[in-house]
Amino acid sequence: MTGGALIVGASHAGVQLAVSLRDYGYDEAITLVGAEPRPPYQRPPLSKAFLAGTADVASLELRTPAFYAERRIDVLSAERVTRLHLSPAEARGSGTALTDRGRTLAFDRLALTVGARPRRLDLPGADLDGVCYLRVVDDAARIRAHLAPARDVVVIGGGFIGLETAAVVRSEGKNVTVVEAAERLIARSVAPMISRFYQLAHTRRGTDVRHSAEVAEIHGAHGRVTGVRLTDGTLLPADLVVVGVGVVPRTELAEQLGLLCDGGVVVDEFARTSEPSVVAAGDCTVMPNPLTGEGRVRLESTPNAAGQARVAAATLAGKPQPYTDVPWFWSDQYDLKLQIAGVTNGYDQLVVRGDPDRERFSVLYYRRGDLLAINAVNSAPDYLAVRKALASGTPLPVDQAATSDVPLKELLMRASAPH
Amino acid sequence: MAKIIFVAPDGSRRTIDAAVGDSVMATAVKNGVPGVVGECGGNLSCATCHVYVDEDFLTRVGPPGDLEDDMLDLGVADRRATSRLSCQIKVAEALDGLIVECPEEQP
C-alpha cells in the first residue's frame, strides 16, 4: 500500500470516517485497520439485544463486504497498529504505520479512531474465571456463556453498561446485585432524581442495588469466581461478575506522536489534534462542548463517534465544517427507554414533566434560564422536542416547560412561529 | 432471503437480497443505500431511517407502534400516511418484493 488515508481503529467512528471520506469526494486509497478478528460491527446491542440472545453476530455487521469493496475501502481485521511515524513538516500529515503483523503501511492522511478500553479492576481475585468486562463482541459472548448456568450475578458499577447488563441478566431470572461505589447510580451523567428513579426501578424488578458500596476482593475456588466481598465485610455470592466501571481512552499511539492528550486525545471542533494534519474521532477523544464551544468533554456514544467522524472526514477532505451536533444518547433497561439530548454540565435548575412513579417522565436541565439538556424516560415526544429546540436554538422558557399538560412540541411550534 | 426494493427520491431503484430477521433499516445501511441513515442502530431514538411504504404493502407491513408514532410525528420532515421507521420493519418471506421509498431528507 502506498499513500492514501489510514484510519486506525475499525469501529463506529472508523467506518463512518471512511464512508464520509468517500462521500466528500476523497478519491485516494482508504485503509481501515482494526485489531479485532472480525469486520466492524455495532456495539450498542452488545449490552442489550445481543446479550439477551435476540441478535446474533451476523446481524451486528455495520456494512457488507460488498459495500466496502464498492466504496474502495480496504478493511484490515485482526491487525493492530503498534507504531506510528509522521514525516517531517514538508510532507505534512503523511507517514508510516507499523502493525503487529510486521507490515508497514504508508499514508498521506492519518485518522485515529482507536476508542477506549474498559477500566480494569485492580483487586485480589480480579483475574478469576467468571469475572467479565463488556466492550467487544467476544466479551458479550463470554458473559452469555457464563450466564446460562449462573444463579447469582454481581454487577460491579452502576453506570449505563452495568445497569443495562443487570436488566438483561435479571430478566433471565438470575439473582442480581449491583454494586456502585458512588453514592448514586449513573452519577457522572444524570441528576440525582434520575439516579433515584433508576435505583427504585431496578429494585422494584427484584435487583439488589447497593450504592456507596466498595468492593474489597473477589473470592474464588479452583480458579473460578464464587463471590464478591465488600469493604464492609458483606460477602455476595456470585457465579458471574460483570465489571462496568468506565473506560480509559486509548491514547498510546497519540502520545507516541507527541499529540496533546488530557483524558483523551485533545481535538478541536474540526476533529483536528494538536498536530492539525492528524484527525481523531470517537471515544478516544476529548473535545470542546459542541453546543457551547467551552471546555473539554468526552462523549462516549455511537452518535458522537459517527458525528465527529463525519467532521474529521470533512477536514481530511479539505472541506472543514465545525462540529455542532446536539449530543444524544439512549439507554434501554427493561421496558424503560432513557433518551438524553444535550450536555448537562453546569445546570442550576431542573424542570420535571410527567410522573416518575408511572415510569414516564422527563427532566429538563437549565442554566440561568437557558435550556441545556433533557433526560426523558419513556417520553420520546419530550426528548425529540428538546433535541429540536437545542439544534435550532429555540428557547423553551422554564415556566412554560414546567406546565406538564402542554406538549413541548406545541411550545416549540409557538416559539418558532413567525411573529 | 427476501428482496427489498429501495426507491431513491430521484426515482432510481435498488434491489437488495435481505436476510430474514434483519430490519429494513439494517438492510439499507449495511448495503449503503443512500437516504437511510439509521444513526441509533434501530432503537427508536433518531428517526433517521424514515421511509414511505408502497401502498400495496401497507397492510402486510402494518401500522407504527406508539413510540414509533411519536417519533414520526416530531422527528421526520414530511410525514405521510405511508410513513414508517424502517428499523421497525423486520424482513420476512411474506414481505418479499417490498418497495419502500426514501424521503428527500432525514433529520
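Reckoned from all heavy atoms, side chains included, excluding hydrogens, waters and symmetry mates. Below, chains carry the letters A, B, ... as their sequence lines are ordered, and counting in each starts from 1.
Counting heavy-atom pairs closer than 4.5 Å to chain B, the top residue among A:Lys409, A:Arg71, A:Gln42 is A:Lys409. Contact count versus chain A (heavy atoms, under 4.5 Å) is highest, among B:Cys46, B:Ala47, B:Ser23, for B:Cys46. Comparing B:Cys40, B:Gly75, B:Gly38 by how many heavy-atom pairs each has under 4.5 Å with chain A, the most go to B:Cys40. Taking A:Phe67, A:Phe329, A:Tyr383, A:Trp330 one by one and counting their heavy-atom pairs under 4.5 Å with chain B, the maximum is reached by A:Trp330.
Considering every non-hydrogen atom in both A:Trp328 and B:Glu39, the closest pair reads CZ2-OE1, 3.6 Å. Heavy atoms only, all atoms of each residue included: B:Met71 and A:Gln339 are closest at SD-NE2, 4.3 Å. B:Leu74 approaches A:Lys388 most closely through the heavy-atom pair O-NZ, 2.8 Å.
Panel note: side chain A:Glu70, backbone B:Asn31; no donor-acceptor pair is recorded below 3.5 Å. Checking side-chain atoms of A:Lys337 against main-chain N and O of B:Ser45 turns up no donor-acceptor pair under 3.5 Å.
Residues B:Asp73 and A:Pro381 have side chains not in contact (no heavy-atom distance under 4.5 Å, counting atoms from C-beta outward).
Interface remark: A:Tyr68 contributes no atoms to any contact with chain B (heavy atom separation under 4.5 Å). Of the two parts of A:Arg387, only the side chain, counted from C-beta on, holds a non-hydrogen atom closer than 4.5 Å to a non-hydrogen atom of chain B. At a 4.5 Å heavy-atom cutoff, A:Pro44 makes no contact with chain B through either its backbone or its side chain. For A:Ala58, the part lying near chain B is the backbone, with the side chain staying farther off; criterion is any non-hydrogen pair under 4.5 Å.
Enclosure of atom CZ in A:Arg360 is not indicated, since only 12 or fewer non-hydrogen atoms of other residues, nucleotides or ligands lie within 6.0 angstrom. For CG of B:Asp78, the number of neighbouring non-hydrogen atoms (other residues, nucleotides, ligands) closer than 6.0 Å is greater than 12.
Note that CG of A:Leu384 is 10.0 Å distant from CG of B:Leu72, once rounded to the nearest 0.5 Å. Distance check, rounded to the nearest 0.5 Å: NZ of B:Lys30 to CD of A:Glu61 gives 5.0 Å.
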